[in-house]
Engineer: 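First the structure, then my questions, so here it is.
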2 protein chains.
Amino acid sequence: MEFKDAKNKFIQTWGALGSQWGINKTMAQIHALLMVSPEPLSMEDIMEELLISRGNASMNLRALMDWGIVYKEYKSGERKEFFTAEKDLDELAVKIAQERSKREIKPALRVLKDVSSIKGNETKETKHFVEQTSKLYDFVLKADNMIDKVTEFKDNWIGRLVMKIMK
Amino acid sequence: MEFKDAKNKFIQTWGALGSQWGINKTMAQIHALLMVSPEPLSMEDIMEELLISRGNASMNLRALMDWGIVYKEYKSGERKEFFTAEKDLDELAVKIAQERSKREIKPALRVLKDVSSIKGNETKETKHFVEQTSKLYDFVLKADNMIDKVTEFKDNWIGRLVMKIMK
DNA sequence: TTTTATTTTCAATTATTTTTGAAAGTTCAA
DNA sequence: TTGAACTTTCAAAAATAATTGAAAATAAAA
């Protein structure tokens with residue numbers, strides 16, 4: 001395979017994967033492109049490579065920066081802005097996890113807590129409802145906490161041991 | 001809050017969460033509804049509760065069964081089919097993880113492996129590309145393996161210990 | 001200040017995904 | 001068999017999401 005083809009295939013695949021996980025295709029593609037670019041790219045560069053409009057590039061770069069996984073850079077002498085991606089994969093994973101937790105999981109947890117605490121008539125339906133949503137609350141809370149724990153976990157000895165066991 | 005409101009809020013929230021994670025809203029809602037129903041529901045029941053068409057209900061129930069998280073049941077004397085959701089949350093999580101791994105991660109891994117093994121000219125660009133995609137391959141592979149490991153992991157002593165440490 | 005380069009915004013358009021509903025397909029009791 | 005009860009399929013419609021492009025905004029240079 002040619003480099004050009006490989007690069008393209010990578011960008012397309014990453015974009016498709018992103019959209020299956022609720023991240024817009026272009027956003028994932030821009031990120032993919034920046035990941036494999038040894039040098040920072042300008043908006044112009046990105047538009048050209050991905051064949052997208054200026055508006056699209058601008059909006060998705062903003063979104064990526066909001067996620068904290070793409071950074072703006074300035075080159076001396078150059079007027080325009082350049083962009084680089086977070087390339088440390090552990091850091092990337094943590095950032096994504098934290099952001100999704102903040103935006104999606106935490107609000108869902110609040111709702112779960114609310115709905116699982118309804119009081120009143122003790123029909124089979126309500127009892128089962130409270131039981132299920134409570135369990136779900138505990139489960140999601142535990143899963144969410146795990147994300148917070150992963151960072152520190154990676155750094156301590158038992159964590160590294162477990163990581164090894166996990167292959 | 002009234003039970004009826006709580007139930008509705010739960011279903012809406014679950015649906016919204018689903019769509020943020022690449023699962024169609026109705027599919028997530030049907031699953032939510034079945035999760036909190038103490039008794040199996042018929043397609044008719046589901047259509048009524050969620051105000052959706054027969055076709056929609058049929059297709060999304062099929063999808064949920066393909067994911068292995070909703071089961072068809074028959075009641076003696078009744079001609080129509082009834083449905084229940086997987087209610088064991090560990091089981092649910094494992095099934096979802098396995099299915100997403102199979103459908104999305106594994107194919108992406110294959111591509112990563114391919115594109116990271118291009119040979120030829122050793123420009124800065126290609127070297128960086130190979131380096132990054134190789135790292136990504138290793139990382140995604142490790143993450144994917146973790147999913148496979150979680151099931152067995154939960155059941156052995158060190159796993160339980162670590163789970164405790166993780167809170 | 002004025003001009004020029006660059007980025008952002010957002011209404012309108014386009015693309016994608018989901019949903020509908022009715023016809024076709026199944027299944028089973030009579 | 002036939003026909004009633006029920007489910008599936010899928011083309012068309014509706015809903016949702018992404019993208020464009022040009023005008024407005026911003027920022028640096030002249």
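Values in this document were obtained by computation on a predicted structure and should not be read as measured data. Letters A, B, ... mirror the listed sequences (proteins, then strands); counts begin at 1.
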Engineer: What string of B, S and - do you get for nucleotides 23-30 of chain C 5' to 3' if you count protein non-hydrogen atoms under 4.0 Å?
Structural biologist: ----BB--
Engineer: Output every pair passing salt bridge (charged side-chain N to carboxylate O under 4.0 Å, His left out) with a member in residues 16-29 of chain B, not counting sequence neighbours, ordered by first then second residue.
Structural biologist: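 Those involving residues 16-29 of chain B do not exist here.
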Engineer: With heavy atoms under 4.0 Å as the rule, sort B:Glu81 into base, sugar-phosphate or nothing.
Structural biologist: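 Touches sugar-phosphate only.
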Engineer: Does anything in residues 8-28 of chain B reach DNA chain D, meaning a heavy atom under 4.0 Å, and if so which residues?
Structural biologist: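 Per residue number, the list is empty: none.
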Engineer: Of all nucleotides in DNA chain D that come within under 4.0 Å of a heavy atom of chain A, which is furthest toward the 5' end and which toward the 3' end?
Structural biologist: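 From 5' to 3', the first and last contacting nucleotides are D:dA18 to D:dA29.
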Engineer: Do B:Asp144 and B:Ser101 get their side chains close enough for a donor-acceptor pair, meaning under 3.5 Å?
Structural biologist: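 B:Asp144 vs B:Ser101: donor-acceptor pair found between side chains.
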Engineer: Rounded to the nearest angstrom, tell me the gap between atom CG in A:Asn56 and atom P in C:dT13.
Structural biologist: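 In whole Å, C:dT13 P and A:Asn56 CG are 18 Å from each other.
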Engineer: Taking ring-ring contact (aromatic ring centres under 6.0 Å, His included) as the cut-off, I'd like each qualifying pair that reaches into residues 12-61 of chain B, sequence neighbours left out, listed once.
Structural biologist: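 Qualifying pairs: B:Phe10-B:Trp14.
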Engineer: Pair up each side-chain donor or acceptor in residues 40-51 of chain A with any protein partner under 3.5 Å, not counting sequence neighbours, and list the distances.
Structural biologist:
{"residue": "A:Ser42", "atom": "OG", "partner": "A:Glu44", "partner atom": "N", "Å": "3.4"}
{"residue": "A:Ser42", "atom": "OG", "partner": "A:Asp45", "partner atom": "N", "Å": "3.1"}
{"residue": "A:Ser42", "atom": "OG", "partner": "A:Asp45", "partner atom": "OD1", "Å": "3.4"}
{"residue": "A:Ser42", "atom": "OG", "partner": "A:Asp45", "partner atom": "OD2", "Å": "3.1"}
{"residue": "A:Glu44", "atom": "OE1", "partner": "A:Arg54", "partner atom": "NH2", "Å": "3.3"}
{"residue": "A:Glu44", "atom": "OE2", "partner": "A:Arg54", "partner atom": "NH2", "Å": "3.2"}
{"residue": "A:Asp45", "atom": "OD2", "partner": "A:Ser42", "partner atom": "N", "Å": "2.9"}
{"residue": "A:Glu49", "atom": "OE2", "partner": "A:Lys7", "partner atom": "NZ", "Å": "3.0"}

Engineer: Among residues two or more places apart or on two chains, list those pairs meeting salt bridge (charged side-chain N to carboxylate O under 4.0 Å, His left out) that have a residue in residues 27-40 of chain A.
Structural biologist: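 Every pair satisfying salt bridge (charged side-chain N to carboxylate O under 4.0 Å, His left out) with a residue in residues 27-40 of chain A: A:Glu39-B:Lys124.
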Engineer: Scan the side chains in residues 74-83 of chain B for donor-acceptor partners under 3.5 Å anywhere in the protein, sequence neighbours excluded, and list what turns up.
Structural biologist:
{"residue": "B:Tyr74", "atom": "OH", "partner": "B:Glu81", "partner atom": "OE2", "Å": "3.4"}
{"residue": "B:Glu81", "atom": "OE2", "partner": "B:Lys72", "partner atom": "NZ", "Å": "3.1"}

Engineer: Checking A:Glu86 now: which residues fulfil side chain to side chain donor-acceptor pair (under 3.5 Å) with it, not counting sequence neighbours?
Structural biologist: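 For A:Glu86 the side chain to side chain donor-acceptor pair (under 3.5 Å) partners, ignoring immediate neighbours, are A:Tyr71.
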Engineer: Determine all donor-acceptor pairs shorter than 3.5 Å in which one atom belongs to a side chain in residues 111-118 of chain B; sequence neighbours excluded.
Structural biologist:
{"residue": "B:Ser116", "atom": "OG", "partner": "B:Leu112", "partner atom": "O", "Å": "2.9"}
{"residue": "B:Ser116", "atom": "OG", "partner": "B:Lys113", "partner atom": "O", "Å": "3.0"}
{"residue": "B:Ser117", "atom": "OG", "partner": "B:Lys113", "partner atom": "O", "Å": "3.2"}
{"residue": "B:Ser117", "atom": "OG", "partner": "B:Asp114", "partner atom": "O", "Å": "2.8"}

Engineer: Mind checking what makes side chain to side chain donor-acceptor pair (under 3.5 Å) contact with A:Thr84, not counting sequence neighbours?
Structural biologist: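 With sequence neighbours excluded, A:Thr84 shows a side chain to side chain donor-acceptor pair (under 3.5 Å) to A:Glu73, given in chain and number order.
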Engineer: Whole Å only: how far is the CE atom of A:Met47 from the C1' atom of C:dT6?
Structural biologist: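 Checked: the CE to C1' distance equals 11 Å.
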Engineer: List the residues meeting side-chain contact (heavy atoms from CB on, under 4.5 Å) with B:Ser53, not counting sequence neighbours, and say none if there are none.
Structural biologist: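 With sequence neighbours excluded, B:Ser53 shows a side-chain contact (heavy atoms from CB on, under 4.5 Å) to B:Asn56, given in chain and number order.
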